[in-house]
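Encoded as structure tokens, the structure appears first; notes follow it.
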Amino acid sequence: MAAIKLGSRELHLFDFSTQEWSLLFETADPETELVAFPTWSRSGDSLYFDRRGDTPEVMRIRINDREVETVASLASFRQTGYFQMWLGLTPDDSP
């Protein structure tokens, strides 16, 4: 299970076998960046999330080795929403 707190700068993973939380990702600049909308890949081997801030991006972290990579830059993408923006994945794991 993955979780963030509202307005969080950190993404955490809960391991049911050990009953412990571990840190998966922390923003580089806690003053201006946020982590939002963690979404599991179809296979469950990766977790996608929004990194909000001056250079917003969709990011992916592989659970087995904790490798983080940028999937898409949202810097020139105008985001909108009635209450809030949201990240979801298509059946092929495209954001």
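- Of the charged side-chain nitrogens involved, none lies within less than 4.0 Å of a carboxylate oxygen, so that Glu26 and Arg9 do not count as a salt-bridged pair.
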Exercise for the section: Under the ring-ring contact (aromatic ring centres under 6.0 Å, His included) rule, what do Phe25 and Phe49 come out as? Steps first, then yes or no, please. Expected result: CA-CA 10 Å; Phe25 180 82; Phe49 59 95; 4.8 Å; yes
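- Dense packing is recorded around CG of Asp15, with more than 12 heavy atoms of other residues, nucleotides or ligands lying under 6.0 Å away.
- Residues Leu47 and Val68 share a hydrophobic cluster, clusters being chains of Ile/Leu/Val/Met/Phe/Trp/Tyr side chains in contact below 4.5 Å.
- Shortest non-hydrogen contact noted between Ser41 and Asp93 is CB-OD2, 3.4 Å.
- When the shell of 6.0 Å around CZ of Arg66 is examined, it contains more than 12 heavy atoms from other residues, nucleotides or ligands.
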Problem - Audit row: Glu33, Arg52, side-chain contact (heavy atoms from CB on, under 4.5 Å) steps and yes/no - result: CA-CA 5 Å; Glu33 296 180 347; Arg52 302 285 171 98; over 6 Å; no
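- In this structure, Trp21 and His12 have perpendicular ring planes: the angle between them is above 60°, well past the 30° mark.
- A donor-acceptor distance shorter than 3.5 angstrom exists from the side chain of Thr39 to the backbone of Phe37, with no hydrogens or angles considered.
- A single hydrophobic cluster is seen to contain both Val71 and Leu74, as judged by linkage of ILVMFWY side chains at heavy-atom distances under 4.5 Å, directly or through other members.
- For the salt bridge (charged side-chain N to carboxylate O under 4.0 Å, His left out) test, residues two or more places apart in sequence or in another chain that qualify with Asp65 are Arg62.
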Exercise for the section: Let me see the working for Met1 and Phe16 under side-chain contact (heavy atoms from CB on, under 4.5 Å), right down to the final yes or no. Expected result: CA-CA 8 Å; Met1 173 173 54; Phe16 285 94; 3.9 Å; yes
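- Using a 4.5 Å heavy-atom cutoff, the side chains of Val58 and Asp50 are in contact.
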Handout entry: Worked check of side-chain contact (heavy atoms from CB on, under 4.5 Å) between Leu13 and Ile63
Key = CA-CA 9 Å; Leu13 180 69; Ile63 300 304; 4.1 Å; yes
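- By the rule that hydrophobic residues join a cluster once side-chain heavy atoms approach within less than 4.5 Å of another member, Tyr48 and Val35 end up as members of separate clusters.
- With sequence neighbours excluded, the residues satisfying side chain to side chain donor-acceptor pair (under 3.5 Å) with Glu69 are Arg60.
- Taking 4.5 Å as the limit, every side-chain heavy atom of Pro56 sits out of range of all side-chain heavy atoms of Arg51.
- Judged as a side chain to side chain contact (heavy atoms under 4.5 Å, CB included), and not counting sequence neighbours, the contacts of Ser8 are Ile4, Lys5, Glu10.
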